[in-house]
Amino acid sequence: RVHLFDNNTRDSISKTLVSLQSERQVVDFDLVNSWLRECATKHCSSPCSTKSAPPAQEGLFLINVNTGLIALMDPIPQYIALSYVCGGGTGTVVDATATGRLPTDIGQVVEDAMAVVRGLGKEYLWVDAYCIENDDPLLRQRRISQMDSIYECAYLTICELSGESTRSGLSGVSRPFYGRQRVTSDFLDRHFLALSFTAIGDIISECAWSSRAWTLQESALSRRRLCL
């Protein structure tokens with residue numbers, strides 16, 4: 001995309017573009033909420049507004065993003081799910097559903113996901129590592145068998161496209177978005193400005209998140225995805 005404008009307007013426009021780039025290094029929660037409202041009002045008959053039966057008749061363990069506590073919720077309230085690339089942790093499996101709270105070291109991606117849920121004005125988050133009963137093999141297997149409906153029933157799924165482990169964090173939250181490439185040039189009293197944009201399909205196809213079988217299922221079944 002190339003813009004052409006006179007030199008006498010170059011400085012003001014350039015400052016505006018720099019300002020916009022600076023502001024958009026973090027997630028604009030008002031903008032995301034406007035997308036969600038539009039989806040809720042205009043997509044009433046589409047797959048993103050329909051869902052299967054509740055993911056579990058016995059309720060679902062969810063993280064309260066304001067307190068860090070984990071509780072079995074029945075009936076199940078509106079919640080947001082996280083789809084991310086595993087790895088980078090301590091290697092120790094903790095059954096947070098038994099303790100009722102998150103461990104001290106939860107990984108940056110989970111901390112960032114909690115911040116996104118709060119930023120969107122929501123309260124509950126589902127993360128497989130902390131919302132599955134790991135100490136009981138039978139309960140664990142049953143919960144894993146419900147993961148299709150867990151993601152399908154989630155109000156929104158946060159997808160970590162830019163990370164390679166739980167330590168990476170989410171772009172736009174704990175680290176800035178990748179900057180756009182800008183090229184400017186003066187020619188015949190005109191100022192040219194070119195901005196490059198990478199297609200979302202290219203970003204998804206090249207990231208670690210798209211190469212995992214679990215995340216393929218989570219992506220395909222989610223009604224709405226917020227890709228960061």
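Remember, predicted model here, so these are calculated numbers, not experimental data. Just so it is clear, the values below take in all heavy atoms, side chains as well, and ignore hydrogens, waters and symmetry mates.
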Enclosure of Arg101 CZ (heavy-atom neighbours >12, cutoff 6.0 Å): no

Atom pair NE2/CD of His43 and Glu38 - distance to nearest 0.5 Å: 6.0 Å

Lys122 charged N/C atom sitting above Tyr79 aromatic ring, 6.0 Å / 45°: no

Which atom of Gly59 lies closest to which atom of Arg143, heavy atoms considered: O-NH1, 3.0 Å

Sub-4.5 Å side-chain heavy-atom contact between Met114 and Ile63: yes

Val32 vs Val27 side-chain heavy atoms within contact, under 4.5 Å: yes

Heavy-atom closest contact (Ala129 atom, Asn134 atom, distance): O-ND2, 3.6 Å

Interatomic distance, Glu160 atom CD to Cys227 atom SG [nearest 0.5 angstrom]: 11.5 Å

Same cluster (ILVMFWY, side-chain, under 4.5 Å), Leu69 and Leu60: no

Spacing of CG belonging to Asn33 relative to SG belonging to Cys39, to within rounding of 0.5 Å: 12.0 Å

Centroid-centroid under 6.0 Å between Tyr151 and Trp126 rings: yes

Side-chain heavy atoms of Tyr130 within contact of Val110, under 4.5 Å: yes

Joint cluster assignment, Leu125 & Leu72, ILVMFWY side-chain distance < 4.5 Å: yes

Which atom of Cys131 lies closest to which atom of Thr97, heavy atoms considered: C-CG2, 3.9 Å

Reported CG-to-OG distance for the pair Asp148 and Ser222, which is rounded to 0.5 angstrom: 11.0 Å

Closest non-hydrogen atom pair between Met73 and Pro77, with its separation: CB-CD, 3.6 Å

Which atom of Gly119 lies closest to which atom of Phe29, heavy atoms considered: O-CB, 3.4 Å

Glu152/Arg223 salt bridge by N-O under 4.0 Å criterion: no

Close side-chain approach of Asp95 to Thr99, heavy-atom, < 4.5 Å: no

Residue pair Tyr84, Asp128: steps toward the side-chain hydrogen bond (donor to acceptor under 3.5 Å, both in side chains) verdict: CA-CA 10 Å; Tyr84 63 107; Asp128 58 358; 2.6 Å; yes

Ile106 vs Glu111 side-chain heavy atoms within contact, under 4.5 Å: yes

Heavy-atom pair of closest approach, residues Asp112 and Gly169: OD2-CA, 3.2 Å

From Gln78 atom CD to Leu62 atom CG, the distance as rounded to the nearest 0.5 Å: 11.5 Å

Distance (rounded to the nearest 0.5 Å) between Glu123 CD and Asn64 CG: 4.5 Å

Joint cluster assignment, Met147 & Leu138, ILVMFWY side-chain distance < 4.5 Å: no

Candidates Leu170, Leu36, Leu156, Thr157 - the one meeting side-chain contact (heavy atoms from CB on, under 4.5 Å) with Leu226: Leu156

